[in-house]
Amino acid sequence: MTDNEKKCYSELNSLYCVPYEDKFLNYEELFKNNNPVTMEIGFGMGHATAEIAQNNPDMNYLGCEVHKPGVGRLLGEIHKRNLKNLLIVEHDALEILDEMIPDASLEAFHIFFPDPWPKKKHHKRRIIQRPRTDLLAKKLRSGGYLYFVTDWAEYADFALEELNATSGIHNRYDGFAPHQEWRPRTKFEQKGIDAGRDIFELMFEKD
């Protein structure tokens with residue numbers, strides 16, 4: 001962690017982090033409004049997260065991440081931009097989903113460039129795979145969406161198959177989705193594009 005990330009983590013954690021506990025969240029109590037809630041799984045350094053939240057003040061965002069430097073960096077961004085619609089849970093996403101997220105309560109999932117776990121023996125760790133996708137689908141409200149982005153072609157094909165096999169959701173597009181212009185490109189993504197890597201996007205909607 002940089003000195004600034006450490007400082008932000010230490011000083012702002014209690015203001016913008018939601019403690020992990022075995023209890024369903026009350027979003028209205030948490031955000032002080034009834035706006036729809038999007039959960040971002042693994043926000044990395046949080047650049048896109050903060051920008052999306054700032055551009056959509058009528059939406060609420062819950063970011064989950066276990067990487068402390070990223071949490072520290074995003075805490076600093078929340079404070080600097082004075083964001084009232086973005087909070088963090090620093091814990092494993094699957095446990096958060098099981099214990100803290102009510103069924104049929106989320107507007108969306110954002111899952112941008114998750115670890116592709118490229119070795120076959122590690123595929124079981126991927127977030128986009130059944131039965132984990134069944135859990136994700138269960139937490140979305142009707143009409144809500146799951147938006148997944150990767151630069152790993154094999155994971156993209158795998159994720160498309162797993163999501164197609166998940167009941168209760170359907171693909172908004174015929175195969176991969178076009179780039180959603182409202183999603184900011186990060187430095188990480190731009191590096192991949194500059195290196196000639198393709199970006200794959202999937203957008204699935206709850207029935």
Side-chain angles (χ1 to χ4, degrees), residues 4-5 7-114 127 132-133 135-149 168-169 180-184 186 203-206:
N4 184 55
E5 286 160 3
K7 185 172 186 288
C8 290
Y9 187 88
S10 146
E11 294 178 1
L12 304 174
N13 197 296
S14 61
L15 291 177
Y16 306 115
C17 281
V18 180
Y20 169 76
E21 56 183 334
D22 185 358
K23 177 185 167 189
F24 284 141
L25 292 173
N26 180 323
Y27 302 137
E28 187 177 355
E29 204 175 84
L30 206 57
F31 290 101
K32 309 293 186 281
N33 61 53
N34 277 316
N35 293 339
V37 178
T38 291
M39 180 173 172
E40 181 169 0
I41 296 177
F43 55 72
M45 298 310 283
H47 301 296
T49 314
E51 197 167 327
I52 290 170
Q54 186 168 37
N55 291 341
N56 297 276
D58 56 344
M59 297 282 294
N60 294 321
Y61 296 89
L62 192 63
C64 58
E65 181 58 74
V66 294
H67 183 58
K68 272 190 168 51
V71 173
R73 176 69 63 89
L74 185 54
L75 284 168
E77 284 299 311
I78 293 171
H79 193 66
K80 185 174 80 178
R81 298 173 189 238
N82 194 29
L83 300 175
K84 308 294 186 191
N85 61 335
L86 173 56
L87 295 170
I88 296 170
V89 186
E90 187 186 355
H91 197 78
D92 175 75
L94 293 170
E95 292 186 7
I96 294 169
L97 285 167
D98 266 331
E99 309 294 346
M100 298 181 73
I101 304 297
D103 290 352
S105 70
L106 291 174
E107 173 70 20
F109 283 107
H110 291 170
I111 307 172
F112 303 153
F113 302 98
I127 186 72
R132 291 174 179 173
T133 52
L135 178 63
L136 294 169
K138 191 166 78 163
K139 300 300 176 178
L140 285 173
R141 67 159 186 83
S142 180
Y145 67 87
L146 183 154
Y147 182 20
F148 168 83
V149 185
I169 57 175
Q180 307 298 302
E181 293 301 328
W182 52 265
R183 181 181 66 80
T186 61
M203 181 80 75
F204 274 72
E205 192 172 302
K206 181 77 175 278

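Position 1 is the first residue of the sequence, and the numbers go up from there.
Of all heavy-atom pairs spanning P114 and I127, the tightest one is CB-CG2, 4.2 Å. When all heavy atoms of S105 and P102 are compared, the closest pair comes out as OG-O, 2.7 Å. Looking at every heavy atom in both residues, G70 comes nearest to F43 through O-CE1, 3.6 Å. For the pair C8 and G76, the tightest heavy-atom approach, listed with the atom from each and the gap, is SG-CA, 3.6 Å. What you find for E205 and G143 is that their closest heavy atoms are CG-O, 3.8 Å.
Across N34, V37, N33, a single residue satisfies side chain to side chain contact (heavy atoms under 4.5 Å, CB included) together with E28, and that is N34. Each of L97, L140, V89 was compared with M39 under the side chain to side chain contact (heavy atoms under 4.5 Å, CB included) criterion, and only L97 meets it. When each of K84, H79, K80 is checked for a side-chain hydrogen bond (donor to acceptor under 3.5 Å, both in side chains) with N82, only K84 meets the rule.
We find the CG-CD1 distance between L136 and I41 to be 5.0 Å, quoted to the nearest 0.5 Å. For the atom pair OH (Y61) and CD (E40), the distance works out to 10.0 Å, reported to the nearest 0.5 Å. A distance of 9.0 Å separates CZ in F24 from OH in Y27, rounded to the nearest 0.5 Å. Taking CD from E11 and CG from N13, the interatomic distance works out to 11.5 Å, rounded to the nearest 0.5 Å. To the nearest 0.5 Å, atom CG of residue N85 and atom CE of residue M59 are 9.5 Å apart. The NE2 atom of H110 sits 14.0 Å away from the CZ atom of F148 when rounded to the nearest 0.5 Å.
Aromatic ring pairs are classed by plane angle as parallel below 30°, tilted from 30° to 60° and perpendicular above 60°; the pair H91 and Y20 is parallel.
Ion pairing between a basic and an acidic side chain is recognised when a charged N comes within 4.0 Å of a carboxylate O; R81 and E51 show no such pairing.
Within the 4.5 Å cutoff, the side chain of H67 has heavy atoms near those of the M45 side chain. Side-chain contact between E99 and E21 is absent, with no heavy-atom pair separated by less than 4.5 Å. Here the side chains of L74 and L86 are in contact, with some heavy-atom distance below 4.5 Å.
Of the possible polar contacts, one joining the K206 side chain to the A137 backbone as a donor-acceptor pair under 3.5 Å is found. Counting only distance, with no hydrogens or angles, the side chain of N26 and the backbone of E29 share a donor-acceptor pair below 3.5 Å. Checking side-chain atoms of E65 against main-chain N and O of G44 turns up a donor-acceptor pair under 3.5 Å. Looking only at distances, no side-chain donor or acceptor of N35 sits under 3.5 Å from a matching main-chain atom of N60.
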Open item on the list: The test is ring pair (Phe, Tyr, Trp, His ring centres under 6.0 Å); show your working for Y147 and F112 and say whether it passes.
Closed with: CA-CA 8 Å; Y147 182 20; F112 303 153; 5.2 Å; yes
Open item on the list: Before you tell me yes or no, could you show the steps for E5 and K68 under salt bridge (Lys or Arg N to Asp or Glu O under 4.0 Å), namely the whole-Å CA-CA distance, both residues' side-chain angles and the distance that decides it to 0.1 Å?
Closed with: CA-CA 8 Å; E5 286 160 3; K68 272 190 168 51; over 6 Å; no
- [ ] Output, in order, the C-alpha distance, side-chain angles, deciding distance and verdict of side-chain contact (heavy atoms from CB on, under 4.5 Å) for L62 and I101.
- [x] CA-CA 11 Å; L62 192 63; I101 304 297; 4.0 Å; yes
- [ ] Begin with the C-alpha distance, continue with both residues' side-chain angles, and end with the deciding distance and a verdict on side-chain contact (heavy atoms from CB on, under 4.5 Å) for L12 and I78.
- [x] CA-CA 9 Å; L12 304 174; I78 293 171; over 6 Å; no
- [ ] Please test L30 against V18 for side-chain contact (heavy atoms from CB on, under 4.5 Å), starting from the C-alpha separation and ending with a verdict.
- [x] CA-CA 9 Å; L30 206 57; V18 180; 3.9 Å; yes
